Amino acid sequence: MPKFKFGKEAGIFLLLVVLCVVVTVMNPRFLSPINVQNTARLIGMFGILSLGLAVVIVTGGIDLSVGSLVALLGALLSIGLVDKHMSPVVVVVGVLLVGAGLGLVHGLLVTRAKLQPFIVTLCGLLIYRGAARFVAEDQSKGFGDSAGFMWLHDLAVGNFLGVPWPFVIFAVFAVALGVLLHKSVYGRYLYAIGRNPEAARYSGVNVKRVETLAYVVAGGFTAVAAILFAFYTNSISPSSHGNFYELYAIAAAVLGGFSLRGGEGSVVGVVLGAILLQILQNLVNLLGIPSSLNFAVMGAVILLGVLADNLVLRRKQA
Amino acid sequence: MPKFKFGKEAGIFLLLVVLCVVVTVMNPRFLSPINVQNTARLIGMFGILSLGLAVVIVTGGIDLSVGSLVALLGALLSIGLVDKHMSPVVVVVGVLLVGAGLGLVHGLLVTRAKLQPFIVTLCGLLIYRGAARFVAEDQSKGFGDSAGFMWLHDLAVGNFLGVPWPFVIFAVFAVALGVLLHKSVYGRYLYAIGRNPEAARYSGVNVKRVETLAYVVAGGFTAVAAILFAFYTNSISPSSHGNFYELYAIAAAVLGGFSLRGGEGSVVGVVLGAILLQILQNLVNLLGIPSSLNFAVMGAVILLGVLADNLVLRRKQA
Amino acid sequence: MLLASGITKRYPGVTALDGVDFSISSGEVVGLVGENGAGKSTLIKILGGLVQPDSGQVVMEGRQVKIDGSATARRLGIGVIHQELSDLDNLDVAGNVMLGREPTKFGLIDRPALRAMALRALERLGMGQLVDEPQSSLSIGQRQLVEIAKALSLEAKVLIMDEPTSSLTAGETERLIEVVRDLRAQGVAVVYVSHRLNEVKELADRVVVFRDGKNAGALDKEQITPQAMVRLMIGRDVAVANEHTHLAGAAVLELQAVRTKRFPSHSVSFTVHSGEIVGIAGLVGAGRTELAQAVCGVDPLAGGNVRLDGKSLGNSVRAAISAGLYLAPEDRRRTGLVTRSSVRENTTLPDLPHYARIGLLERGAETQTAAKMLEELNIKSPSVETTVSGLSGGNQQKVVIAKWLAMSPRCIVFDEPTRGIDVGARAEIYSRMRELADSGVAVLMVSSDMEEVLAVSDRVLVMHEGRLAGELPRAAATEEAIMALAVGHA
Amino acid sequence: GNEAAAPKGPESSASATNGNKLKLAFITNNASDFWTIARKGVEKAEKEMPNVKVEFLIPGDGSATEQKRLIDDQLAKGIDGIAISPNDAANATETLNKVAKQAILVTQDSDAPKSDRAAYVGTDNKAAGVQAGEELKKALPNGGKVMVFVGKMDVQNAQDRVAGLREAVAGTKIEIIDVRTDDTDHARAKANVADTLVKYPDIAGLVGIWSYNGPAILNAVKEANMVGKVKIVCFDEEDDTLAGVKDGSIEATIVQQPFEFGYQSVKVMAALKEGKKDVVPANKLMIVPTQVIDKAGVDAFAAKLKELRGK
Ligand SMILES: Nc1ncnc2c1ncn2[C@@H]1O[C@H](COP(=O)(O)OP(=O)(O)OP(=O)(O)O)[C@@H](O)[C@H]1O
Ligand SMILES: Nc1ncnc2c1ncn2[C@@H]1O[C@H](COP(=O)(O)OP(=O)(O)OP(=O)(O)O)[C@@H](O)[C@H]1O
Ligand SMILES: [Mg+2]
Ligand SMILES: [Mg+2]
């Protein structure tokens, strides 16, 4: 729904509040500045991925290549900066361009070659993972002490007035995307295409161009997140870096009210979804729940969340 | 298309033939009995997963929980047989029931609670992985020397007249499913639901029941495959066993002409898709392509396959 | 103004258009008529830029043009109302009207301006009150009006309307005719496609007739009569509305204080007897479809009871169907048909177990039934294996009817049964309905087409805002009497 | 011209005898720097023995299934010997025995004691765990809470190392609170450490079991400004880990000698193929000891490593 109504996001917002209260009661350190900072940083990074994906999901598409792309771009970043000693600005711009460029390729394959988004980006998932391992020669890549691009490192992992940079970037992106999706003509067309591409075409919307652009945006956002992740871990093992991140990103969007059939969901929803997912992970550690149950807790809460949303608030999304 | 027309599968069949010829020329051992047997065994196991998933995909659904379910059921199998010394028959039946039962839960959540299949089974992916690690106490599980249930072990990894049992089971399942999907009332309903659930409902089809049953079938097939995989690896590390298998299974179906929008695809297609995927993996090893490129090769061939299919045969599936 | 010549378009198995010519000048209203599948919509899609012709050319205002998309058509001043609705239910009505032409301020959508522009277009149709409604809450008729408003707001030089009134009732149709006359006065060229030949007669300055994808002739203003059009369309006369004697038998379908979800405060009770055809009339959005769907179990009942042959039916489609109560729904693409499946598969879907032995289908029996229905309803389809999406709108509608006629009903509810169906086939369907009634079946027909209601019904029920406003026996059923009840007077 | 052609001599003769070259395979359990060093060892042995050709294979997803496929494909190709780091030793016995029937089987890095392997070349992970425990005891004479981090607990070397660690600190005031896993997601690995520092402000020590856990711990501790306040012991020789040892923020790291794994595995396979059974001790275990690298030894080790990695 391009017009934003808070009703749809009320369910997840409630869940989030309840969860925060419960965790705080069980371990007050949850609200300690350092923990808030840590969590905000992770929210920022994963949230940027989710925002990008949300744009694609609105059109009824999907992007499974996100995790592998994070690995490939991270490896390229390290190679450019450390192995090739290239100028940080050039490398960053290069990485962003590669991300957006691969998004463009996805978009063209979907709109021009008429392939299913699932299959295009599944191939992306496989190919970029392989490419990451290949360019990194199956070595883990890192940034050492970041000599020569300390500012970049700080931008990724440092704080701005006490707020982690990734969170700041996430917030800015969220606002920008909110305006784009909910206020601009482009956003309206995205929702139109997601709901009924025929109707959009009948009304003279350049469906192919609009849809392609969605993948480009997703690729660009992924690239930004990839840079942040790379500096955050400071080590990119090409075979596992970013594994399953696409699922987190998709989960955040769906939790936030997006339908994978397209044409539904708001930026506020994704933001809440992204926050909820990271708080869940934080909670597992803070409450001392065995790590082996990490995934299970996440899955269970997501399921309960959407169930409560559907049953209690009687929202139908099937 | 309930009616089977070979035209749709001709593309992938061609790709398969070309690939086989090329590999044979480059390494004649490709056709050695032992290699054919190994590959057939893997085709059988992965193929069974794909067949089950295909039923769900026809309805326009998806099942992402397959890989995690393979891990959970494998762990349960080992616990039942080895730790609890239960009767093999009881354990096998139990595992099949758990598989089908979880499928039923998916089906009910999708049809009754009206949740999106993607999100239901994504939660399954997370929860079953956690459950597998939990029941296995984060230890890898196995069958040692299979004393006491050697017959079961042989059924899973042995041969029948020189043909690996998993392949035999796969073939039988494929034929049965072919009849079900393409010749039976139930199959026709599945396609109708995948294409237009509302129209099916208005025509008196019990949409909820038919759709639920699809998930049960998928769960049951996954359970069969899980037993075979468990004995094949003879070891189940709960945190990684079966990772990404859902993607292989989906890829096989999509390669075979299934559309994730539902209502499209034939059993012959999935079978060919499953064969192609395993041959691809075999080829990477036989041709000595760096392992790091394994995924990339797979991704590239899938992409080329669907591209060629769409562009050359002008089949539109987007 | 606009001149299309030698247009040919082939689809696998059919030649939709075979070198047709078509022209229109400004300030002219041209009626375009032809049997179902004659190629009318195909020509319109070509002019609207949605389909590319295999050969032929289009000249607009003296210049040859290539219309390669809706955007191009709009730029050239061609506005189109397509036969099938194409709206977005995740937008409000204003957003739908202005889709593709959103006014912006600082790069963002200027909502007030957008609303104002949409309102202006809607008000021409007397539908201003809809402007802020979510599209998802509209009935088919209202959605059709939104489509018309959308085309009006284009301020096109050539306005093409493909069956704009097929789901409108008399009131709205009257209004639309006024609007078209206005446009003509302003010098707009209007192409008007309809199977309601009286409308065409009333409006058109000239009529062009297509038959099997070819020009079958044209009629000038003074020559336009329904009979003349029919003769050119099918090459013979059609006897419309056969006289009959009606012998009502036992009560078959009984509605006892039925309440629907949308109008829970009104209850509706009536009975349909064996051997009679009961028509339900009313304005767009009066709740007829709502009622029909609740009765047949596809929508939940909000209260009351439905009895068939004295037995109470559970509120489910399957129970209804197995008891012999069938619904042929009004929205063929959403609920009537599985458009990606073949004619055969659609025809046999509601009665599939009938074609199976030990669960396995017998293709031969299916094909036989489907072929029989193709023949009987004169469905223009290359074969029974053709996918329904490849049929013309009217032929799709015939398949909706066919799938229920292929079974043996006790009571059959038709919701807008002849939407988009040509005169010839329409007569055939009416006589099938009569045969059914004569064989003891109860027939309930919801229709917005006044002529149809008057011609077919033995008794007319009129609905207004969810309640039964009145009942008229055949003798008392006149257009005026029905309208008076429909608008809530009397 | 002549000079340029000259070196071709031995090469072409080698390819002529390609048919009777000894074909060996070295199969890792996943992809990492560790295996790069092992590869150097393999290459060294290969260079020393011109009649040996070794394929170095890395399973794509690090799973047992993938490994099994690699093995089957090698056997199908015809192979003389396989040195493998089995992903799940306890249950891979049957697969391994199939190999042992057709070729020389050496386990390396991770053993499969129940199989018919000709030899095991590798670390005693439990002993390595004990070494880590000893370092921890040195760093925390007064004891304290210790958290352990690892990728997956269902992998044998992780279990052995943790067992050794627990054994070494048993009876002291060092309390191991928990083992947190991260499924090899490095971001998760770091977040686990950060969360632990929040949950247990009085934490005294952190142990990283897998190679990337060291840098993950170090980075998180640095960002929490707790360098020096918590003692870190980890495994393996990631650059960041060595830098940490050098500047004192990490107490010590326990390193294996993968170069020796590669080198000795190939050597022993070649020797066995020639029938020299005496290269393998009676218990079949060829243990390559782990080394403790602390501040004192880090420079020398780093220099050697650099040479091995060829960087
Ligand atoms: N997409 C398509 N694929 C295949 N055949 C098509 C397609 N669209 C139209 N046709 C065929 O072209 C012919 C003309 O169809 P068209 O829709 O133009 O008819 P029409 O005159 O508008 O009929 P109606 O009055 O029923 O709307 C029909 O026989 C139809 O089967
Ligand atoms: N205000 C509304 N809110 C929700 N749904 C509506 C509303 N108006 C119409 N609908 C939907 O549109 C469908 C048709 O409505 P209704 O029964 O009122 O139409 P009708 O009397 O048959 O008139 P029409 O000629 O427009 O079809 C119904 O199924 C209903 O779900
Ligand atoms: Mg038409
Ligand atoms: Mg209606």
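Fair warning: this is a prediction, and the values are worked out from it, not measured in the lab. Chain letters run A, B, ... following the sequence lines, proteins first, then strands; residues in each count from 1.
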Please report, to 0.1 Å, the donor-acceptor pairs under 3.5 Å made by any side chain of residues 246-257 of chain A, with sequence neighbours excluded.
from, atom 1, to, atom 2, distance (Å)
A/Glu246, OE1, A/Gly67, N, 2.8

TODO: Give a yes or no on this: more than 12 heavy atoms of other residues, nucleotides or ligands lie within 6.0 Å of atom CD of B/Glu198.
DONE: yes
Open item on the list: For A/Phe244, I'd like to know if atom CZ has over 12 heavy atoms of other residues, nucleotides or ligands within 6.0 Å.
Closed with: yes
Open item on the list: Tell me every residue that passes side chain to side chain donor-acceptor pair (under 3.5 Å) with A/Asn206, counting only those two or more places apart in sequence or in another chain.
Closed with: none
- [ ] Give a yes or no on whether the backbone of A/Arg261 and the side-chain of B/Gln116 come within a donor-acceptor separation of less than 3.5 Å.
- [x] no
TODO: Could you tell me which non-hydrogen atom of A/Gly130 sits nearest to which non-hydrogen atom of B/Ala296, and how far apart they are?
DONE: CA-CB, 3.9 Å
- [ ] Could you tell me which non-hydrogen atom of A/Leu307 sits nearest to which non-hydrogen atom of B/Ala113, and how far apart they are?
- [x] CD2-CB, 3.6 Å
- [ ] Just give me the residue among A/Cys123, A/Ala300, A/Ser68 that pairs up with chain B most often, heavy atom to heavy atom, under 4.5 Å.
- [x] A/Cys123
Check: [Y] and [X] side chains under 4.5 Å, non-hydrogen atoms:
X: A/Leu303; Y: B/Leu115; answer: yes
X: B/Leu260; Y: A/Ile119; answer: no
X: B/Asn243; Y: A/Asn243; answer: no

Open item on the list: So, using ring pair (Phe, Tyr, Trp, His ring centres under 6.0 Å) as the criterion, who are the partners of B/Tyr202 when residues are at least two apart?
Closed with: none
- [ ] Please state whether the side chain, the backbone, both or neither of A/Leu122 comes within less than 4.5 Å of a heavy atom of chain B.
- [x] side chain
Open item on the list: Using a 4.5 Å heavy-atom cutoff, which residues in residues 277-295 of chain A come close to chain B?
Closed with: A/Ser291, A/Ser292, A/Leu293, A/Phe295
